[in-house]
Amino acid sequence: MKMYSKSLNFYYGDFQALHDVNLEFQKNQVTALIGPSGCGKSTFLRCLNRMNDLIPISRVEGDIMLEGMNIYDAKVDVVELRRRVGMVFQKPNPFPKTIFENVAYGLRVNGVKDKTYLEDKVEESLKHAALWEEVKDRLHSSALGLSGGQQQRLCIARALAVEPEILLMDEPASALDPIATQKIEELIHILKRKYTIIIVTHSMQQAARVSDVTAFFYMGRLIEVGDTEKMFTRPSNKQTEDYITGRFG
Amino acid sequence: METHFHAQLEKMRVKVLEMSAYAQKAIEDACRALLTRDSDLAQKVIDGDIIINKLECEIDDMTLRLLALDQPMAVDLRAIVGMMRVSVNLERVGDEAVNIAEKAMFLATRPPLPFSEQLQELSDIALDMFRAAITAFREGDPDLSREICSWDSQCNAQDVKVIKDLVNYMGKEAPAVERAVSTILTSRSLERIGDLSTNIGEAVVFIVEGVSIKHRLCR
């Protein structure tokens, strides 16, 4: 097991957004988090690399363990944690820099100066993000000139450059057209060979297509988790079935 | 919450029930035509098969449309796949009714063989199985479906008995060979209707419980 949460509760001030969530993530598997808006799936995702620390009134109880280390331990270096647990957001958010500098950014922040190493790493990351062939001749052009789908893959390349172990994806294709979405989904299938992936999606079909395991959240609680095939053909829980068949939510 | 999709799914279910009503009438009439030597009724069964075939095509279209446009999940996905299986089996039931009707027309023009009681018994079993399969589908009843599967051996045994007796009869009555062969084929059609009813029962278990009990696996 790569990572798990144990008795996780999360509060925004007085409001409890997550209730006693126990969820395991296996290495090299894709886990999809699904549920209606406001169910806590994105909140839970952001707990996994402590992105919620940035919200002043928030509070966490319980544990999240990453290979034996409690990520909420006071001694944990949050920057290093976020290097190990990278994140891709809903909307592509490239920096207003060149394609090359976007991918090299995390490495430079971590003190890498060797030009050859940087060039190799940028190329490798862009290849892993299935973008290299499309941008190799214009690495020093602005990233803002790329299409939405290319920008999202650039953000994935940027996340991969710092060699994370886990990739968190918060609705990574929701702002993209069907072709760009398909490319991201194909990429997820390839990336899971090397990374553990946790994805929040509102598209049930996307969850069914890309994930190995699906977890259904409702009103801040984990209702059911299981193999994706079973979850989408014969879920055990009535609430899960009602949600994925569109009877509520 | 009743969605447009669920209304379409209900329409499909009603269409399958409509098809099953035609299939049931076809077997009932085919058996009656056989046992009462009624050629006119047999001809009606043959002529009526086109309606069952048309309904199968309509259900195929609905299946494709719902799968492509709504991408259903869980119980809805199982319902569509299950209903498609039911409709395929209903179409075959219609074909078997036509086979029986064709033999009934031939046999009605020849002197009767002394096997009507045995055939009546077999047709009663096959019809009971079919009616129960449709009830199980209509009510979504997996217990009744499993019961139907358990009746199939009785249906097979009666078919074997009829065939054995007819083979013996042929040995003694050479001029009756042609009629006996037709009767054997009729018996085989009734046995097939039992099998197809079992398939429908299996589809109902799949729709309701999401498990496959085909080929006597995990029954």
Side-chain angles (χ1 to χ4, degrees), chain A residues 30-39 41 171 173-174 176-179 181-182 185 199-219 222-249, chain B residues 1-14 16 62-86 136-137 139-143 145-146 149 199-215 217-219:
Chain A
V30 179
T31 302
L33 311 181
I34 62 167
S37 295
C39 69
K41 56 190 187 300
E171 298 184 53
S174 65
L176 305 182
D177 68 32
I179 304 289
T181 298
Q182 193 185 12
E185 290 180 3
I199 176 171
V200 163
T201 176
H202 269 125
S203 162
M204 237 81 73
Q205 282 72 28
Q206 183 169 73
R209 284 193 295 265
V210 303
S211 71
D212 302 295
V213 172
T214 297
F216 170 57
F217 283 75
Y218 185 56
M219 294 178 80
L222 175 64
I223 304 296
E224 184 173 354
V225 59
D227 287 348
T228 294
E229 188 190 333
K230 182 177 178 295
M231 289 286 281
F232 286 105
T233 54
R234 48 195 161 91
S236 307
N237 187 283
K238 177 81 171 60
Q239 281 178 311
T240 313
E241 181 143 283
D242 285 349
Y243 178 68
I244 63 175
T245 58
R247 286 176 170 82
F248 84 87
Chain B
M1 181 175 61
E2 175 75 353
T3 61
H4 174 73
F5 166 72
H6 291 112
Q8 294 299 310
L9 199 58
E10 181 56 21
K11 267 191 192 167
M12 185 174 171
R13 202 180 82 89
V14 170
V16 174
M62 287 173 122
T63 304
L64 276 181
R65 202 168 54 236
L66 288 175
L67 287 175
L69 302 186
D70 293 279
Q71 300 166 16
M73 299 282 190
V75 68
D76 295 338
L77 177 62
R78 301 201 306 269
I80 293 172
V81 172
M83 284 196 277
M84 193 173 67
R85 288 180 187 164
V86 171
F137 172 71
E139 307 296 327
D141 185 342
D143 296 335
S145 300
R146 286 192 167 85
C149 301
N199 293 349
I200 293 171
E202 289 167 352
V204 172
V205 173
F206 173 74
I207 292 170
V208 179
E209 297 179 352
V211 293
S212 174
I213 60 164
K214 279 183 177 184
H215 313 302
L217 297 170
C218 43
R219 259 182 206 177

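Proteins come first, then strands; the chains are lettered A, B, ... in the order of their sequence lines, and each starts at number 1.
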Chemist: Please list, in residue-number order, every residue in residues 202-218 of chain A that has a heavy atom less than 4.5 Å from any heavy atom of chain B; write 'none' if there are none.
Modeler: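 Near chain B, by residue number: Met204(A), Gln205(A), Ala208(A).
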Chemist: Under the rule for side-chain contact (heavy atoms from CB on, under 4.5 Å), what residues qualify as partners of Asp76(B), not counting sequence neighbours?
Modeler: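 So Asp76(B) forms a side-chain contact (heavy atoms from CB on, under 4.5 Å) with Thr245(A), Arg247(A), Phe5(B), His6(B), Leu9(B), Pro72(B).
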Chemist: Counting only heavy atoms not in Ile179(A) (residues, nucleotides, ligands), do more than 12 fall under 6.0 Å from its CD1?
Modeler: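 Check fails, neighbour count at 12 or below.
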Chemist: For Glu229(A), does its backbone N or O pair with a side-chain atom of Asp227(A) as donor and acceptor, under 3.5 Å?
Modeler: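 Answer holds: no.
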Chemist: Check side-chain contact (heavy atoms from CB on, under 4.5 Å) between Lys11(B) and all other residues, then give those that pass, not counting sequence neighbours.
Modeler: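 Result, side-chain contact (heavy atoms from CB on, under 4.5 Å) vs Lys11(B): Gln8(B), Met62(B).
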Chemist: Taking only residues two or more places apart in sequence or in another chain, which ones pass side-chain contact (heavy atoms from CB on, under 4.5 Å) with Val81(B)?
Modeler: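 By the side-chain contact (heavy atoms from CB on, under 4.5 Å) rule, Val81(B) matches Leu77(B), Arg85(B), Phe206(B).
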Chemist: Could you tell me whether Arg13(B) and Glu10(B) make a salt bridge, using a distance below 4.0 angstrom between a side-chain N and a carboxylate O?
Modeler: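 Salt bridge between Arg13(B) and Glu10(B), a charged N being under 4.0 Å from a carboxylate O: yes.
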